[in-house]
Protein chains: 2
Amino acid sequence: MTGSAGAADEQGREDAVATIQRELTAFARRARAAAARMHPELSLVSFTLLAHLEDQGGCRATDLAAYYLLDKSTVSRQVAALERAGHVERRTDPDDHRMQLLHLTEQGEQVLAQAADRRSQAFHARLADWEPAELDRFAAYLTRYNDEADSPA
Amino acid sequence: MTGSAGAADEQGREDAVATIQRELTAFARRARAAAARMHPELSLVSFTLLAHLEDQGGCRATDLAAYYLLDKSTVSRQVAALERAGHVERRTDPDDHRMQLLHLTEQGEQVLAQAADRRSQAFHARLADWEPAELDRFAAYLTRYNDEADSPA
DNA sequence: TTCGATGGATGTACTCTACAACTACTTATT
DNA sequence: AATAAGTAGTTGTAGAGTACATCCATCGAA
């Protein structure tokens, strides 16, 4: 009997993992376009980079690349665009002229705050009728999933 | 006292939603690159389209576009590439010469199966030490999130 | 002082995507 | 039947995001 119970367990696990895979994939597919709808002035990537800058109180391009697993050339161009847009400023490290410390401008903070706000509102709306306990569990599961060793995604 | 309890609840909800937002966003940011690592021969979008074709036993390009919220030109090019790669075949509907029914080729099925397998393995590995009950709840939460009316993301 | 390492920028190229304009075909209206 | 309106799909164009390879400037160590 343990045999068939084990088989049932395995089937349940199989189904659950398949669902998780499908739903996470579906979410990922829509994320960019959704960000564009929510805050057209700040792409998902830009938003993410600015958020990290705010979070860290400034950092180097290399740090952004490492944190987000992006190529340094990608970050370089993103940062250049953000600077052009007036959202970030670069300050060359006086002790090491190779590095530039990036930090948000006043305007960058405002734009970020506004985008973060719209983004947050959208998530709140989406989760409006969830119980607090459910939200906590969902948050914990997502965190746990993302923290598992590297990376189906 | 209900006042401060309510405030605490609100704070908890705020935190949980912020975490959900952060973790889902982080996942979305990595999904494409992760797919490329898992199955370089089939991009995330290609994989998704093929999977839907398999699922539906064939459908039209327009159906794919509607289902995945993609522009028809995007789908048209994707399908063209998949056809060039020998993964799908088109058959013009004899009753309505505007439409083409798309279906997987033998080879398309194989490639899809292989990619799905690697993908699935990666998710299983990532979720290996989760309890069955946890998997079920996580799957249910994700499904519920994605099914909520339209769409932070 | 010279050489390897590090931070960053640039050249190039590819994918994904959208919008607009177009063709071919079908259905509805007159 | 003729014409208008709608639908399926393709193509021109353009822009974002990304990576890899290469290059430059600077730093630290042999």
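Order of the sequence lines sets the chain letters (A, B, ...), proteins ahead of strands, with each chain counted from 1.
A parallel orientation is assigned to the rings of A:F47 and A:H39, their planes being inclined by less than 30° (bins at 30° and 60°).
Within the cation-pi definition used here (under 6.0 Å to the ring centroid, within 45° of the axis), B:R29 does not qualify as a partner of A:Y68. Geometrically, A:R137 does not engage B:Y141 in a cation-pi contact, judged by NZ or CZ lying under 6.0 Å from the ring centre and within 45° of the ring axis.
Using a 4.0 Å cut-off, no side-chain N or O of B:S73 falls inside it from OP1 or OP2 of C:dC19. Dashed line: the shortest gap from a side-chain N or O of B:R90 to OP1 or OP2 of D:dT10 is under 4.0 Å. For C:dA9, the OP1/OP2 oxygens have a side-chain nitrogen or oxygen of A:Q100 closer than 4.0 Å. Listed pair A:R30 / C:dT17 fails the phosphate criterion, with no side-chain N or O lying under 4.0 Å from OP1 or OP2. For the pair A:T62 and C:dG8, the criterion of a side-chain N or O lying under 4.0 Å from OP1 or OP2 is met. The side chain of B:T74 places an N or O atom within less than 4.0 Å of a non-bridging phosphate oxygen (OP1 or OP2) of C:dA18.
Using a 4.0 Å heavy-atom criterion, one finds that B:R32 contacts the sugar-phosphate atoms exclusively. Contacts of B:D96 with the nucleic acid, taken as non-hydrogen atoms under 4.0 Å apart, involve only primed sugar atoms and P, OP1 or OP2. Within the 4.0 angstrom heavy-atom criterion, no nucleotide atom of any strand lies near A:R29. Using a 4.0 Å heavy-atom cutoff across all strands shown, B:R77 reaches at least one base atom of the nucleic acid.
Here the P atom of nucleotide D:dA8 and the CG atom of B:L64 are 13 Å apart, to the nearest Å. Rounded to a whole Å, the CG atom of B:D95 is 19 Å from the P atom of D:dT7. Rounded to a whole Å, the CG atom of B:L44 is 15 Å from the C1' atom of D:dG17. Remark: P of D:dC27 and CZ of A:R60 are 14 Å apart, rounded to the nearest angstrom. Going from atom CG of B:D71 over to atom P of C:dT15 covers 19 Å, rounded to whole Å. In this entry the distance linking CG of B:L70 with P of C:dC16 reads 11 Å, nearest Å. As rounded to whole Å, 11 Å separates atom P of C:dC19 from atom CZ of A:R37. Distance CD (B:Q78) to C1' (D:dG9): 15 Å, rounded to an integer number of Å.
Heavy atoms from other residues, nucleotides or ligands lying under 6.0 Å from OH of A:Y67 number 12 at most.
When each of B:A33 and B:R98 is assigned the nucleotide of DNA chain D with its nearest heavy atom, B:R98 is the one assigned upstream, toward the 5' end.
The closest side-chain heavy-atom distance from B:R60 to B:D93 is not below 4.5 Å.
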